[in-house]
Amino acid sequence: MPFEFSFTPDQEAFRDAVRAFLAKEVAPIVPAMDESEEFPRATVRRMQEEGYFGVPVPEEYGGLGLGKVGYCLFLEELGKVDASHGTIVGAHTSLGITPLLYYGTEEQKQRWLVPAARGEKLLAFSLTEPGSGSDSGAVHTVAEKDGDEWVITGNKIYVSNGREADTIVLMAGNDVKLGPNGGVTAFLIDSNLPGFRVGRCEKKMGLHGTSTAELVLDHVRVGPDRVLGEVGKGFHVAMTALDVGRVSLGAASLGGMQAATHQALEFSKNRTQFGLPISEYEAIQFKLADMAMRVHALRLMVYHAAAHQDRMGTVPKQWSRLERVEKTREAAIVKCLASEWASEVIDEALQIHGGLGYIRGTPIERAYRDARISEIFEGTNEIQRLVVARDLLTRGL
Ligand SMILES: Cc1cc2nc3c(=O)[nH]c(=O)nc-3n(C[C@H](O)[C@H](O)[C@H](O)COP(=O)(O)OP(=O)(O)OC[C@H]3O[C@@H](n4cnc5c(N)ncnc54)[C@H](O)[C@@H]3O)c2cc1C
């Protein structure tokens with residue numbers, strides 16, 4: 001894998017435009033959104049109008065055509081401002097759009113991908129069930145064949161955007177006995193289909209602007225036009241989406257870490273104790289140095305992985321086995337380190353703020369609550385370590 005990498009002038013111009021947009025239109029509403037725990041409809045609408053819900057999608061399919069590198073630039077900026085908005089975009093783009101872009105037929109792309117990339121429709125991704133979390137191939141939602149059609153019944157949980165999504169990329173078992181090896185199929189489920197309803201929405205520690213919903217499917221009947229990818233290959237569809245999601249989650253974490261480091265740095269220069277700004281004390285300087293080191297290392301890792309995914313393209317059938325496993329290992333490494341470093345950096349930034357960091361409503365207090373989930377969703381970090389360890393044992397370092 002080549003290591004050289006730099007942003008083009010167009011990518012830098014895009015990042016600057018995003019930064020200005022987010023500062024003006026999103027940052028001001030975040031504290032109220034966190035308090036009210038309401039989905040930020042107005043800012044999501046504005047971001048959709050700007051094309052920000054289709055950043056990596058080629059222009060021919062209604063997107064901005066900026067690839068994974070452009071998408072990570074966007075999520076890095078968004079991560080500096082708010083993790084809830086980042087999660088809404090990530091659930092839609094990494095997890096909803098990727099399956100359509102990589103596995104959709106031309107007809108499915110025109111029908112579902114184009115409106116999603118243009119920001120006219122919102123997507124979600126549904127793999128998790130009450131009995132199937134880390135063991136995500138053990139799907140219990142059943143898809144039974146009835147003539148040409150499928151009849152889907154089951155309960156899904158913890159679906160980001162689940163309450164608001166127009167369409168959900170949903171994994172169901174075409175043969176539950178087979179599990180991930182031939183037994184799981186990806187379906188495109190519109191939220192207005194008969195038999196589909198949104199169940200309980202969770203109250204959460206953080207990410208207060210996002211919905212985390214239960215989905216109930218009671219004999220939802222769909223035609224073969226809603227099968228995404230091949231029957232029985234839904235687990236591959238899900239894992240491909242998660243590889244993209246794990247790198248983009250790294251970009252959002254990178255943004256969150258930078259914001260926290262910046263806030264801690266400024267606070268330390270302005271807070272005087274024992275007659276000196278606390279930034280003069282080595283104990284604080286070492287914390288800040290460690291934070292900056294992690295930001296630097298993660299930036300290299302995220303854009304290396306994003307550029308790698310861009311080079312691989314969006315046609316899974318063209319990938320060799322080696323390319324697949326390298327991509328998956330790299331995504332797991334980025335996700336695991338990014339989420340743990342983000343938690344640690346934000347924790348240290350909170351410590352530098354002293355008691356103020358613990359006060360409800362400060363940006364660092366919100367960031368602390370928002371960051372924790374990244375060690376859990378899109379595959380827990382225990383599972384990321386299993387992915388890396390299995391590949392190590394098979395291929396070595
Ligand atoms: C806010 C939020 C948003 C989410 N959004 C989505 C979404 O949009 N779509 C979706 O499908 N899912 C979503 N999820 C679900 C999320 O991906 C799962 O919660 C996660 O994968 C873990 O599954 P689990 O909660 O069932 O934990 P479990 O799998 O029960 O794990 C419990 C603990 O056991 C550990 N563990 C399990 N197996 C092993 C093993 N073999 N070796 C070592 N340790 C192990 C885990 O790492 C964890 O620490 C979301 C969850 C939350 C909280």
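Residues take their numbers from the sequence shown, with the count starting at 1. Everything numeric here is computed off the predicted structure, so don't read it as measured data. Remember, it's 1-based here, ligands and their atoms both numbered in the order they're listed.
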Nearest protein heavy-atom contact for atom 7 (C) of ligand 1: which residue, which atom, what distance? Y158 O, 3.2 Å
Look at E49 together with R46 and state whether they make a salt bridge at an N to O cut-off of under 4.0 Å. yes
Any atom of ligand 1 sitting under 4.0 Å from a heavy atom of L386? yes
Can E106 and K109 be counted as an ion pair, charged N to O under 4.0 angstrom? no
Relative to ligand 1, is L95 under 4.0 angstrom through side chain, backbone, both or neither, heavy atoms considered? neither
Atoms in ligand 1 with a heavy atom of S134 nearer than 4.0 Å: 23 (O), 28 (P), 29 (O), 31 (O), 37 (C), 38 (N), 46 (C)
Checking Y61 against L100 for the side-chain contact (heavy atoms from CB on, under 4.5 Å) test, could you report, in this order, the C-alpha distance in whole Å, the side-chain angles of both residues, the deciding distance, and whether it holds? CA-CA 11 Å; Y61 292 118; L100 280 162; over 6 Å; no
W150 vs K145, side-chain contact (heavy atoms from CB on, under 4.5 Å): CA-CA, chis, key distance, verdict: CA-CA 5 Å; W150 294 88; K145 203 83 197 281; 3.4 Å; yes
Would you say E382 and ligand 1 have an N/O pair spaced under 3.5 Å apart? yes
Could you tell me, atom by atom, which parts of ligand 1 come under 4.0 Å of a heavy atom of L127? 10 (C), 11 (O)
Counting from 1, what ligand 1 atoms have a heavy atom of K204 closer than 4.0 Å? 1 (C)
For ligand 1, which atoms, with element, lie under 4.0 Å from some heavy atom of T380? 22 (C), 46 (C), 47 (O)
Could you find the nearest protein heavy atom to atom 39 (C) of ligand 1 and give me its residue, atom name and distance? I383 CD1, 4.1 Å
Flag the pair E266 and K269 as a salt bridge only when some basic side-chain nitrogen lies within less than 4.0 angstrom of an acidic carboxylate oxygen. yes
Which heavy atom of the protein is the closest neighbour of atom 20 (C) of ligand 1, given with residue, atom name and distance? I376 O, 3.7 Å
Looking at atom 52 (C) of ligand 1, what's its closest protein heavy atom, distance included? I373 CD1, 3.8 Å
Whether F74 and Y52 hold their rings parallel, tilted or perpendicular, with breakpoints at 30° and 60°: tilted
Worked check of salt bridge (Lys or Arg N to Asp or Glu O under 4.0 Å) between R329 and E323: CA-CA 10 Å; R329 186 206 276 206; E323 283 175 322; over 6 Å; no
For K156, is the nearest heavy atom under 4.0 Å from an atom of ligand 1? no
Checking contacts here: is it the side chain or the backbone of A91 that comes within 4.0 Å of ligand 1, counting heavy atoms only? Could be both or neither. neither
Closest approach of any protein heavy atom to atom 26 (O) of ligand 1, naming residue and atom: G133 CA, 3.2 Å
Is the closest basic N to carboxylate O distance between E230 and K317 below 4.0 Å? yes
Please state which protein non-hydrogen atom is closest to atom 18 (C) of ligand 1 and give its distance, to 0.1 Å? T128 OG1, 4.2 Å
Is the shortest heavy-atom distance from the side chain of V325 to the side chain of R395 under 4.5 Å? yes
